[in-house]
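Let me begin by presenting the structure, written as structure tokens, before commenting on it.
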Amino acid sequence: MVRFKNRYVLCEVVSEDPRCRQCIEDRAVGLAVRDAIGRVHGDYGLACCSISFTVKYLNAYTGTVLLRCRKDSYRLLCSALPFVRQLESRNQRYPCALNTLHVGGTIRTCQKFLIQYNRRQLLRLLQNCTNEEERRCVQKSLLSCSLTEEQSQSGDEEDDGSPE
């Protein structure tokens, strides 16, 4: 059996309207990206990218989006992302743009990059704090940035004889 390699593209939704990020859905992002690929690369690009294209993760509060596509066609996807101009959700159109942050081979590498990216953003916020209360809140957030693996409460996962 042949394993198909994927690429994960980590993007950020950039918008002037803060309500835009709370209203977006993964389906709306997927449709907007597919529309942009179709406009830029035509039917060929759309067919290449649509084979395993999915929105794997969307955080509406931070505006972080993780897109998956085949390794062969990730360049087509990345070149079409700047042409996403709006997201349509719940019959409303929100003007926005997608900023590519990172392209990785696994979701884990994208998570690691996102932690470092958020840490750098928090350090910038720390420099711009005006009072001591804001400074303490940002320092607390900065110290809590880490990637931890969840340990299972029960030992079921270590047991190889368990039926699935």
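Since the model is a prediction, treat every value here as computed from it, not as a measurement. The first residue of the sequence shown is numbered 1, and numbering continues consecutively from there.
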Can you see whether Phe4 has Arg70 sitting over its ring - NZ or CZ less than 6.0 Å from the centre and within 45° of the normal?
yes

Measure from the side-chain N and O atoms of Ser73 to the backbone N and O of Leu76, and report whether any donor-acceptor pair falls under 3.5 Å.
no

So do Phe83 and Arg85 actually touch side chain to side chain, heavy atoms under 4.5 Å?
yes

Flag yes if Val84 and Val65 sit in one hydrophobic cluster, no otherwise; membership is Ile, Leu, Val, Met, Phe, Trp, Tyr, and two members link when side-chain heavy atoms are under 4.5 Å apart.
yes

With side chain to side chain contact (heavy atoms under 4.5 Å, CB included) as the criterion, how do Val9 and Cys11 come out once you've worked through the C-alpha distance, each side chain's angles and the decisive distance to 0.1 Å?
CA-CA 6 Å; Val9 181; Cys11 301; 3.7 Å; yes

Please assess Cys96 against Val14 for the test side chain to side chain contact (heavy atoms under 4.5 Å, CB included), listing each intermediate value before the final yes or no.
CA-CA 6 Å; Cys96 66; Val14 180; over 6 Å; no

More than 12 heavy atoms of other residues, nucleotides or ligands under 6.0 Å from CZ of Arg93: is that the case?
no

Are side-chain heavy atoms of Thr64 and Leu114 found at a separation under 4.5 Å?
yes

What verdict does the side chain to side chain contact (heavy atoms under 4.5 Å, CB included) test give for His102 and Tyr8, after you've listed the backbone C-alpha separation in whole Å, the side-chain angles of each residue and the deciding distance to 0.1 Å?
CA-CA 8 Å; His102 180 72; Tyr8 296 90; over 6 Å; no

Measure across Ala28 and Leu87 and return the closest heavy-atom pair with its distance rounded to 0.1 Å.
O-CD2, 3.9 Å

pair Leu66-Val55: side-chain heavy atoms closer than 4.5 Å:
no

Do Leu58 and Ile24 touch side chain to side chain, with heavy atoms closer than 4.5 Å?
yes

Euclidean distance, Cys110 SG relative to Tyr57 OH, rounded to 0.5 Å:
12.0 Å

Please examine the side chains of Asn99 and Leu101, heavy atoms only from C-beta on, and report whether any two atoms are closer than 4.5 Å.
yes

Mind running side chain to side chain contact (heavy atoms under 4.5 Å, CB included) on Ser79 and His41 for me, showing each step along the way?
CA-CA 9 Å; Ser79 65; His41 299 293; 2.7 Å; yes

Could you tell me the separation between the CZ atom of Arg7 and the SG atom of Cys69, rounded to the nearest 0.5 Å?
9.0 Å

Taking Thr106's backbone N and O only, do any of them form a donor-acceptor pair with Thr109's side chain (distance below 3.5 Å, no angle check)?
yes

Can you confirm whether the side chains of Gln111 and Arg108 place a donor and an acceptor under 3.5 Å from each other?
no

What's the separation between atom OG1 in Thr62 and atom CG in Asn118, rounded to the nearest 0.5 Å?
7.0 Å

Hey, is CG on Asn131 packed in by over 12 heavy atoms from elsewhere, all under 6.0 Å?
yes

Show the nearest heavy-atom pair for residues Cys49 and Leu77, with the distance to one decimal.
SG-N, 3.9 Å

Calculate, to the nearest 0.5 Å, the distance between atoms SG and CZ belonging to Cys48 and Arg75 respectively.
13.0 Å

So do the side chains of Phe53 and Arg34 get within less than 4.5 Å of each other, counting heavy atoms only?
yes

Which atom of Lys56 lies closest to which atom of Ile107, heavy atoms considered:
CE-CD1, 4.3 Å

Side chain to side chain, Ile37 and Val33, heavy atoms closer than 4.5 Å
yes

Would you say the side chain of Asn6 lies within less than 4.5 Å of the side chain of Ser52, judging by non-hydrogen atoms?
yes

About how many Å separate SG of Cys23 and OH of Tyr94, when rounded to the nearest 0.5 Å?
3.5 Å

At their closest point, which heavy atom of Ala36 faces which heavy atom of Ala80, and how far apart are they?
CB-O, 3.6 Å

